[in-house]
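Only a predicted model underlies this, so the values are computations on that prediction, with no experimental measurement involved. Positions are given from 1, in the same order as the sequence printed here.
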Amino acid sequence: MNTQVNKDVKAIQELLSKKEYQAVYGQYAPMLQDMLFVQSFEEWLDFIQQEGALEEEPLRLYLSAWRGSCLLLGCYEGEASQKVLGWLKGRIPEALLEKLSGLPPIVIDVDELDGTLEKQLAPYQDLLTQAGFSFHIDFEDTYCAGTYFLWVGIQ
């Protein structure tokens, strides 16, 4: 995880310890909306007063997606090819991106046979590996039915 995420986690934890809930929401509302499905400060306030804290690992993952380090994909995302390819642009060589765009679509639906992200990305992973890159997938289900976090790196 990057240094900005570490700073964000520390800032959020400090603000929560001081019960400065408005400040947390004011600075991190889009991330909180993705993580907790809260659509207003009132919903955030209800959540945090009941829970008292945010679990650190999910917080780190959602902050990483919010900061652009990884791509957040839902378990019922459906057709996600363009979202994945768009996110990969600038992270891998253009020639490799073109090869990937010729592969079958990525359709994520965990209730379907082979609908998990891992299964959907298998052909993509093969091409990436041949080129010296790889996907890493984290799965998180603390605050929802499940969310994937897709990372790409050099092997």
Side-chain angles (χ1 to χ4, degrees), residues 1-94 96-97 100-101 103 105-111 115-122 124-125 128 133-155:
M1 306 274 172
N2 69 33
T3 18
Q4 185 58 53
V5 169
N6 290 336
K7 288 178 184 176
D8 287 330
V9 169
K10 186 176 180 183
I12 290 169
Q13 289 172 336
E14 285 177 12
L15 289 169
L16 290 177
S17 72
K18 298 174 187 172
K19 298 190 183 312
E20 294 183 22
Y21 305 132
Q22 177 71 50
V24 173
Y25 190 79
Q27 293 175 38
Y28 299 98
M31 185 274 308
L32 292 169
Q33 290 166 356
D34 285 343
M35 186 167 88
L36 305 171
F37 302 101
V38 295
Q39 299 302 313
S40 67
F41 173 69
E42 290 74 23
E43 288 179 8
W44 157 244
L45 196 56
D46 286 345
F47 171 86
I48 201 62
Q49 287 177 337
Q50 286 179 17
E51 297 296 319
L54 293 171
E55 291 195 29
E56 189 169 326
E57 188 54 30
L59 180 59
R60 286 184 179 284
L61 288 169
Y62 280 93
L63 283 166
S64 294
W66 186 58
R67 292 285 183 196
S69 300
C70 62
L71 178 64
L72 184 149
L73 296 162
C75 286
Y76 301 98
E77 186 83 24
E79 211 296 323
S81 306
Q82 292 309 309
K83 190 173 183 179
V84 170
L85 293 172
W87 180 77
L88 286 171
K89 192 174 183 124
R91 290 178 167 83
I92 62 172
E94 190 65 36
L96 180 55
L97 191 60
L100 293 177
S101 65
L103 293 175
I106 300 166
V107 182
I108 307 166
D109 184 342
V110 295
D111 290 339
T116 63
L117 183 59
E118 293 85 353
K119 292 278 189 182
Q120 292 290 307
L121 287 181
Y124 293 75
Q125 186 76 291
L128 283 172
F133 292 87
S134 68
F135 279 134
H136 170 77
I137 300 168
D138 285 307
F139 179 78
E140 174 54 48
D141 63 354
T142 302
Y143 296 114
C144 63
T147 303
Y148 292 108
F149 297 86
L150 180 65
W151 310 76
V152 68
I154 298 172
Q155 289 184 338

Applying side-chain contact (heavy atoms from CB on, under 4.5 Å) to T142 and M35, what does each step give before you reach the verdict? CA-CA 9 Å; T142 302; M35 186 167 88; over 6 Å; no

Steps toward side-chain contact (heavy atoms from CB on, under 4.5 Å) verdict (E140, D138): CA-CA 7 Å; E140 174 54 48; D138 285 307; over 6 Å; no

Close side-chain approach of [X] to [Y], heavy-atom, < 4.5 Å:
X	Y	value
S64	W151	yes
L96	R91	no
L88	V152	yes
L128	L100	yes

Going by ring pair (Phe, Tyr, Trp, His ring centres under 6.0 Å), name the residues that satisfy it together with Y21, two or more places apart in sequence or in a different chain. none

Least distance between heavy atoms, [X] atom then [Y] atom:
X	Y	value
I108	G74	CG2-O, 3.5 Å
F139	C75	CE1-SG, 3.4 Å
L16	V24	CD2-CG2, 4.0 Å
I48	A53	CD1-N, 3.7 Å
Q33	V38	CG-O, 2.8 Å
P105	Q120	O-OE1, 3.4 Å

Who are the side-chain contact (heavy atoms from CB on, under 4.5 Å) partners of D109, not counting sequence neighbours? Y76, D111, E112

Walk me through whether L85 and I106 qualify under side-chain contact (heavy atoms from CB on, under 4.5 Å). CA-CA 10 Å; L85 293 172; I106 300 166; 6.0 Å; no

As a quick check of understanding, evaluate side-chain contact (heavy atoms from CB on, under 4.5 Å) for Y148 and E118, giving each step before the final call. CA-CA 10 Å; Y148 292 108; E118 293 85 353; 3.7 Å; yes

Backbone N or O of C144 within a donor-acceptor pair of the D141 side chain at under 3.5 Å? no

Qualifying residues under side-chain hydrogen bond (donor to acceptor under 3.5 Å, both in side chains), relative to Q4, sequence neighbours excluded: D8

Please collect all ring pair (Phe, Tyr, Trp, His ring centres under 6.0 Å) contacts where either partner lies in residues 45-69, sequence neighbours excluded, each pair once. Y28-W66, F47-Y143, Y62-F149

Should the pair E56-R60 be classified as a salt bridge under the 4.0 Å nitrogen-to-oxygen rule? yes

According to salt bridge (charged side-chain N to carboxylate O under 4.0 Å, His left out), does anything in residues 75-89 pair up with another residue at least two apart or in another chain? List the pairs. E77-K83

With sequence neighbours left out, the residues meeting salt bridge (Lys or Arg N to Asp or Glu O under 4.0 Å) with E20 are none

